[in-house]
Amino acid sequence: MGWKGPDPYEGKRSEVSLGVSFSQRLAVWLGTGCGLGLVAPCAPGTWGSLPGVALACLFAAWVPWVWQIPLCLCLTLLAVPVCTQCERALCKKDDGRITADEWMLYPIATIGLPLMDCLWLIPATFVVIRILDILKLPPARQIQYLPEGWGIVADDFASQLYALAASWGLYWGYEWMIG
């Protein structure tokens, strides 16, 4: 489901275990979801999304929704170089252990949602986000082939926008049913 082109890192040794700079180690640590993508027994993208849940809850609790939008855009742009550096260090195109795209973009799918007032939204949005990230509805599948961090982040950005619409649909549906 990931990269289908020739691997530009074919035959290169991963730099993670080598004496690399602090910035490269930091990029790998951030890029793998605080290391969760490296140690996850399975489904590293799902495990690596967990810091994003905490981030989304912080946004919901402390940041007005109008400020969530520019913050999410900043995190998206920051995720590109983090994913690029992590991919280079791990020497594998679109490595599944890279989860910065999951956790740094996670709050996009919860913009404006009252997560702290409707706690059921936290697991519901998590499931929606993971399903849509795995399905990669168009154009997500097509744009994942952009180079380096751009491709890693772009497909998740598109999937998060779908998840935002679906999560709001769930919330409105729930409100309509109980209202």
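What you are looking at is a predicted structure, and each value in this text was computed from that prediction instead of being measured. All values below come from the heavy atoms of this structure, side chains included, with hydrogens, waters and symmetry mates left out.
- Counting all heavy atoms, side chain and backbone alike, L30 lies closest to A100 at O-CB, 3.8 Å.
- Under a hydrophobic-cluster definition in which Ile, Leu, Val, Met, Phe, Trp and Tyr are linked whenever side-chain heavy atoms come within less than 4.5 Å, directly or via other members, M116 and I108 are assigned to the same cluster.
- Once rounded to the nearest 0.5 Å, the distance linking CG of D101 with CG of L75 reads 12.5 Å.
- Here E87 pairs with K93 in a salt bridge; the nearest charged N to carboxylate O distance falls below 4.0 Å.
- For F157, the ring pair (Phe, Tyr, Trp, His ring centres under 6.0 Å) test picks out no residue, with sequence neighbours left out.
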Validation: residues 38-49 side-chain donor-acceptor distances under 3.5 Å, sequence neighbours left out:
| unit_1 | atom_1 | unit_2 | atom_2 | d |
| --- | --- | --- | --- | --- |
| T46 | OG1 | R130 | NE | 3.1 |
| W47 | NE1 | C42 | O | 3.2 |
| S49 | OG | G45 | O | 2.7 |

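- Hydrophobic clustering, defined by side-chain heavy atoms of Ile, Leu, Val, Met, Phe, Trp and Tyr closer than 4.5 Å, groups W176 together with M177.
- Heavy atoms only, all atoms of each residue included: L90 and I98 are closest at CD1-CG1, 3.8 Å.
- For the atom pair CD (Q85) and CD (E148), the distance works out to 8.0 Å, reported to the nearest 0.5 Å.
- For residues 95-143, the set of pairs meeting the ring pair (Phe, Tyr, Trp, His ring centres under 6.0 Å) definition, not counting sequence neighbours, comprises W120-Y174.
- The backbone N or O of P107 sits less than 3.5 Å from a side-chain atom of T110, completing a donor-acceptor pair.
- Here W172 pairs with W168 under the ring pair (Phe, Tyr, Trp, His ring centres under 6.0 Å) rule; sequence neighbours left out.
- L78 and V80 fall within a single hydrophobic cluster, where Ile, Leu, Val, Met, Phe, Trp and Tyr are joined by side-chain heavy atoms under 4.5 Å apart, directly or via other members.
- For the residue pair I143 and A154, the shortest heavy atom distance occurs at CD1-O, 3.3 Å.
- In plain terms, the two heavy atoms of L132 and S159 that are nearest each other are O-OG, 3.4 Å.
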Can you give the donor-acceptor pairs under 3.5 Å from side chains of residues 50-74 to other protein atoms, not counting sequence neighbours?
| unit_1 | atom_1 | unit_2 | atom_2 | d |
| --- | --- | --- | --- | --- |
| Q68 | OE1 | G112 | N | 2.9 |
| Q68 | NE2 | F59 | O | 3.4 |
| Q68 | NE2 | V63 | O | 2.9 |

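- When all heavy atoms of I129 and A163 are compared, the closest pair comes out as CG1-CB, 3.8 Å.
- E102 contributes atom CD, which lies 4.5 Å from atom CG of D156 (distance to the nearest 0.5 angstrom).
- Counting all heavy atoms, side chain and backbone alike, G149 lies closest to C83 at CA-CB, 4.0 Å.
- Here the straight-line distance linking atom SG of C118 with atom CG of L170 works out to 11.5 Å at 0.5 Å rounding.
- Judged purely by atom type and a 3.5 angstrom limit, Y171 has no side-chain atom pairing as donor or acceptor with the backbone of L115.
- Using modelled atom types, no side-chain atom of T32 and backbone atom of G37 make a donor-acceptor pair closer than 3.5 Å.
- Once rounded to the nearest 0.5 Å, the distance linking CZ of R97 with CG of L36 reads 13.5 Å.
- Separation of atoms OG1 (T76) and CG (L105) is listed at 3.5 Å; rounding is to 0.5 Å.
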